[in-house]
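Just so it is clear: chains get the letters A, B, ... in the order the sequence lines come, proteins before strands, and each one is counted from 1. Computed from heavy atoms alone, side chains included, the values below leave out hydrogens, waters and symmetry copies.
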2 protein chains.
Amino acid sequence: MIPLTEAELMERASALAGKTLGKVALQTGLTMPASMKQAKGLVGQLIELALAGACSTHAGPDFPALGIELKTLPLDRPGHPRESTYVCTVAPQNDLKSSWKQSRVWHKLARVLWIPVEAAPEIPLAQRRIGSPIFWHPDVAQDKILQQDWEELTGMIREGELDKLTSRYGQYLQIRPKARDSKALQSSSGPDDSPGQTLPRGYYLRTCLTRQILDSHT
Amino acid sequence: MIPLTEAELMERASALAGKTLGKVALQTGLTMPASMKQAKGLVGQLIELALAGACSTHAGPDFPALGIELKTLPLDRPGHPRESTYVCTVAPQNDLKSSWKQSRVWHKLARVLWIPVEAAPEIPLAQRRIGSPIFWHPDVAQDKILQQDWEELTGMIREGELDKLTSRYGQYLQIRPKARDSKALQSSSGPDDSPGQTLPRGYYLRTCLTRQILDSHT
DNA sequence: GTGGATCCATGTATGGATCCAA
DNA sequence: TTGGATCCATACATGGATCCAC
């Protein structure tokens with residue numbers, strides 16, 4: 001079931017374009033709930049199931065052989081991104097030792113297959129339509145800004161300013177909470193390598209970047 | 001529900017003596033299955049629930065405030081231990097850096113409350129009786145042998161001989177697989193710190209030690 | 001008899017993201 | 001608008017141990 005070539009994956013993704021989530025769910029044997037309040041990742045998992053034949057939450061790219069990451073992109077009525085896009089978790093220990101091109105953010109974003117999906121709240125979940133897939137990798141200008149952001153953010157982490165790090169930093173890339181709730185904790189370390197506990201956080205792409213990506217492919 | 005003093009814990013454990021597992025299960029609101037093939041840890045969890053008021057699988061001693069570890073001890077008809085006793089997992093990374101008195105094995109065995117339970121296969125699970133609790137800590141002779149065993153075993157691990165380490169080593173303490181099945185893997189490291197994968201293992205007490213403990217308390 | 005294999009429950013981390021109050 | 005908060009599913013780790021073929 002796993003696509004073996006990039007062409008095969010693109011073909012399969014193109015075949016989804018125009019279909020509703022309800023129709024795809026039927027074909028894969030799932031039933032859509034009325035709302036996404038309980039199951040925020042449902043659409044992403046449905047699309048992954050439809051394209052890869054399975055939806056397991058293991059580490060690494062969604063299509064390891066192709067090195068391609070799959071991301072759904074929720075659109076509002078005018079066709080703009082409704083939400084920021086989660087990239088990966090912040091690992092205070094590891095991120096500091098690597099360079100931009102060795103970072104998990106870079107690897108996640110190196111080759112992305114975007115699947116736009118209607119997400120205006122007034123459209124019932126099952127009736128939302130899937131858009132045409134966009135195969136993307138950062139161009140030179142985008143990569144430069146992403147790198148600047150990443151270096152600014154990891155720089156602050158390195159200085160032990162993780163707790164001062166709000167989502168206001170970064171032009172394309174931001175850091176926001178990524179946890180069960182605001183009481184969740186993960187281990188971290190301070191400027192002097194002092195161990196501590198902090199709220200788990202993740203890297204997210206702002207909509208100004210995903211909007212660019214959409215615009216340049218229409 | 002958690003006993004606050006050692007005396008309270010002992011009193012509660014003594015109150016269980018003579019009761020059947022079925023009776024205790026009723027009191028705690030559980031139902032016993034017919035067999036333990038599906039749920040090998042059931043008896044241990046039932047006893048923990050009855051004594052501590054909860055049965056959560058967090059790290060650390062079962063009664064943190066008291067520093068006491070709870071262990072059930074399955075007995076055959078003549079009243080001898082039927083099985084070896086699991087102590088803790090082998091962590092190839094950490095075990096090597098600590099001394100005997102800093103080791104997780106030592107801490108686990110420092111203060112143990114043994115609960116003997118009938119376990120002859122011909123007795124239906126619900127009818128098996130609980131015995132009198134035994135509060136134990138290693139005496140000087142036992143501690144000496146345990147330390148010798150631990151140093152022999154960790155010595156072999158340090159030499160990178162983890163894969164040659166069978167359960168035949170050790171007088172009281174042995175190392176055996178502790179995994180979902182024989183294909184499970186965990187990270188380890190070789191003699192030269194080379195990373196690798198190996199079968200997860202655990203430390204176990206042989207029955208010759210638990211039999212001693214039983215004998216010296218009757 | 002016992003060394004190697006295996007079983008369940010629960011906790012925690014990770015991957016999929018959207019919700020919602022200010 | 002958007003920064004902070006939150007939700008579900010699944011995988012993996014840990015704690016409770018016993019099973020069973022040789």
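The salt bridge (charged side-chain N to carboxylate O under 4.0 Å, His left out) with B/Glu118 is formed by just one residue from the set B/Arg82, B/Arg128, B/Arg129; it is B/Arg129.
Among the atoms of the strands shown, only primed sugar atoms or phosphate atoms (P, OP1, OP2) are found under 4.0 Å from some heavy atom of B/Lys71.
Taking the nucleotide of DNA chain D with the nearest heavy atom to each of A/Thr207 and B/Ala39, the more 5' of the two is matched to A/Thr207.
When distances are taken from the side chain of A/Pro177 to each of D/dG16, D/dA5, C/dG4, the shortest belongs to D/dA5. The nucleotide whose nearest atom lies closest to any side-chain atom of B/Arg168 is, among C/dG3, D/dC8, C/dC8, C/dG3.
Not one N or O on the side chain of B/Lys23 forms a donor-acceptor pair closer than 3.5 Å with the backbone of B/Gln127. Remark: side-chain polar atoms of A/Gln174 are paired, donor with acceptor, to backbone N or O of A/Ser167 under 3.5 angstrom.
Rounded to a whole Å, the CG atom of B/Asp62 is 15 Å from the C1' atom of C/dG11. Atom CG of B/Leu75 is separated from atom P of D/dA17 by 13 Å (rounded to the nearest Å). Atom P of nucleotide C/dT2 and atom OH of B/Tyr169 are separated by 17 Å, given to the nearest angstrom. If you measure from atom CG of A/Leu46 to atom C1' of C/dG15, you get 16 Å, rounded to the nearest angstrom.
The base of C/dG4 has none of its N or O atoms less than 3.5 Å from a complementary donor or acceptor on the side chain of B/Lys178.
Among residue pairs with one or both ends in residues 27-37 of chain A, none qualify as salt bridge (Lys or Arg N to Asp or Glu O under 4.0 Å); sequence neighbours excluded.
Within the structure, a side-chain polar atom (N or O) of B/Gln174 is placed less than 4.0 Å from OP1 or OP2 of C/dG3. Taking only side-chain nitrogens and oxygens, A/Ser182 never comes nearer than 4.0 Å to OP1 or OP2 of D/dG4. For C/dG4, one of the phosphate oxygens OP1 or OP2 lies less than 4.0 angstrom from a side-chain nitrogen or oxygen of B/Ser167.
Using modelled atom types and a 3.5 Å distance limit, the side chains of A/Gln212 and A/Tyr172 yield a donor-acceptor pair.
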Check nucleotides 18-22 of chain D for protein N or O atoms closer than 3.5 Å to its own N or O atoms and list the pairs.
unit_1: D/dT18; atom_1: O2; unit_2: B/Lys40; atom_2: NZ; d: 3.1
unit_1: D/dT18; atom_1: O4; unit_2: B/Arg176; atom_2: NH2; d: 3.3
unit_1: D/dC19; atom_1: N4; unit_2: B/Glu83; atom_2: OE1; d: 3.2

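Summarising the geometry of B/Lys178 relative to B/Gly202, their closest heavy-atom pair is CB-N, 3.6 Å, with the distance given to 0.1 Å.
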